[in-house]
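Treat the numbers as computed from the prediction; the structure is a model and nothing was measured. We name chains A, B, ... by the order of the sequence lines, and we start the count at 1 in each one.
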2 protein chains.
Amino acid sequence: MRSADDADLTARARIRDTAIRRWGTDGFGASVRGIAADAGVSPALLLHHWGSKDGLRQACDEYVLDRFARETDRMTAQELATASAWAILDRDPEFAPLAAYVRRAVTDERSAGRFWTALVDDTRRWLQQATAAGRVLPTRDEETRAELLVVLSLGAQLLAHHLAPPGTPADRLLAAVSERVTGPALELFTHGLFTDDRLLQAYLDHRPGEEPRP
Amino acid sequence: MRSADDADLTARARIRDTAIRRWGTDGFGASVRGIAADAGVSPALLLHHWGSKDGLRQACDEYVLDRFARETDRMTAQELATASAWAILDRDPEFAPLAAYVRRAVTDERSAGRFWTALVDDTRRWLQQATAAGRVLPTRDEETRAELLVVLSLGAQLLAHHLAPPGTPADRLLAAVSERVTGPALELFTHGLFTDDRLLQAYLDHRPGEEPRP
DNA sequence: CCGGAGGCTGAACACCCGTTTAGCATCCTG
DNA sequence: CAGGATGCTAAACGGGTGTTCAGCCTCCGG
């Protein structure tokens with residue numbers, strides 16, 4: 001969690017970090033009073049700095065988005081050979097609270113969609129590069145294929161408490177899920193699911209002149 | 001929504017239906033007072049019948065689960081040739097409120113997992129039958145493959161507001177999502193994603209003696 | 001040394017929540 | 001016809017919520 005510069009230890013930064021952690025684990029229903037208590041601070045201070053609960057939330061959005069953007073920019077092509085930037089960060093325990101926050105934000109109905117587009121952009125970039133390198137098949141619709149993969153990985157995280165073996169401790173949840181799921185996922189990604197292309201052909205015949213996106 | 005027998009029009013049933021609809025659209029945070037107002041009834045009546053908000057919720061769980069179970073049992077092998085039972089019900093507008101409730105329930109942290117297992121069982125059955133019929137490839141781990149497919153379809157529904165074109169009306173959301181997604185999904189299901197099996201082989205070599213499930 | 005600005009707090013406000021209680025009609029049963 | 005169960009409600013209770021406000025310290029510049 002902790003940022004690079006230690007001068008960031010102001011109460012303001014501490015509250016922001018606490019809010020991210022709290023909202024990430026308990027959802028945005030978690031109260032201002034609860035966050036303030038966790039940060040060892042008066043509830044009023046939080047309103048003093050950001051005006052309202054929603055103001056703090058927007059500041060957290062901004063911070064998390066910025067943090068991830070800076071981190072993904074730092075990654076070399078070498079690192080990105082096997083997995084997308086977000087997939088790599090997902091495995092980093094230091095980023096677990098941030099990732100949990102992203103999961104909450106992207107599911108929230110009144111989310112502005114910036115987290116979603118960030119995720120999709122990231123995997124689309126990775127897919128395009130992997131396609132160019134000949135590791136991934138070309139597709140009729142790169143955008144939607146990227147979104148589909150985001151749905152799969154994000155969905156697995158959102159449903160982690162069902163996917164992981166019962167009794168898995170909370171901090172091991174995501175690791176347990178990926179452990180269970182990568183095998184069948186790789187199977188699906190290399191061989192597909194169907195034995196022939198009849199359903200796909202039927203679909204393509206049914207809507208012949210379809211374009212990738214309007 | 002309306003059940004088969006019209007004698008079910010008691011206030012009790014009306015409240016239950018209203019609660020399912022309300023919680024399905026707004027989440028379980030929706031208040032007892034709001035549900036009572038929608039049903040044209042005093043908030044106290046609701047507590048009178050079910051003891052507590054949580055009691056009503058359990059009754060709704062039971063009702064929805066039972067309704068889907070009865071409906072899937074009615075389906076013939078003919079109908080189940082192309083899609084699983086839940087996938088068929090998902091397209092039925094009459095079941096939209098029920099399906100929305102299921103989506104809320106399965107995401108809720110303190111869900112007992114009955115909705116999840118119902119979904120997984122349904123698609124596992126379908127996959128097994130399709131595999132036996134030679135339409136779907138065999139797999140090393142039927143259980144997890146079924147869960148993976150549930151993650152994909154459920155995830156697409158949970159993230160529908162991002163997947164659907166902007167400005168899609170709420171009642172068209174799911175249809176718009178499936179319209180956008182089926183093409184790339186069929187592509188993935190018939191051809192896979194990777195050009196070769198190097199990643200899969202590397203994975204299988206890395207953990208050679210792995211069993212499907214402990 | 002003085003004074004103002006900024007970080008910070010305790011107490012209160014208005015509102016919404018789930019729930020309780022007492023009591024009202026109504027209807028079925030003995 | 002009496003009487004008790006049943007369906008239902010109005011009003012209130014206690015507690016949690018986001019937010020406001022007056023005022024406290026502390027530190028820094030003139």
Under the salt bridge (Lys or Arg N to Asp or Glu O under 4.0 Å) test, residues paired with B:R114 that sit two or more places apart: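 Only B:E62 meet the salt bridge (Lys or Arg N to Asp or Glu O under 4.0 Å) criterion with B:R114.
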
Can a side chain N or O of [X] be found less than 4.0 Å away from OP1 or OP2 on [N]?
X: A:H49; N: C:dG6; result: no
X: A:S31; N: D:dG16; result: no
X: B:S52; N: C:dG18; result: no

In whole Å, I'd like the distance from the [atom1] atom of [X] to the [atom2] atom of [N].
X: B:D26; N: C:dC17; atom1: CG; atom2: C1'; answer: 16 Å
X: B:H48; N: C:dT26; atom1: NE2; atom2: C1'; answer: 13 Å
X: B:R57; N: C:dT19; atom1: CZ; atom2: P; answer: 13 Å
X: B:K53; N: C:dT19; atom1: NZ; atom2: P; answer: 8 Å
X: B:F28; N: C:dG18; atom1: CZ; atom2: P; answer: 14 Å
X: A:L46; N: C:dG7; atom1: CG; atom2: P; answer: 14 Å
X: B:D54; N: C:dT19; atom1: CG; atom2: C1'; answer: 13 Å
X: A:W50; N: C:dC8; atom1: CH2; atom2: P; answer: 10 Å

Which nucleotide in [options] has an atom nearest any side-chain atom of [X]:
X: A:L45; options: D:dT19, C:dG7, D:dA10; result: C:dG7
X: B:A44; options: D:dT17, C:dG18, C:dT20; result: C:dT20
X: A:L47; options: C:dC17, D:dT20, C:dC8; result: D:dT20
X: A:R33; options: D:dC8, C:dG7, D:dG18; result: D:dG18

Geometric class of the B:Y101/B:F28 ring pair [parallel <30°, tilted 30-60°, perpendicular >60°]: perpendicular

Parallel, tilted or perpendicular, as decided by the 30° and 60° cut-offs, for the rings of A:F189 and B:F194: perpendicular

N-O pairing of A:E147 and B:R180 below 4.0 Å: yes

Close side-chain approach of A:E142 and A:L127, heavy atoms under 4.5 Å: no

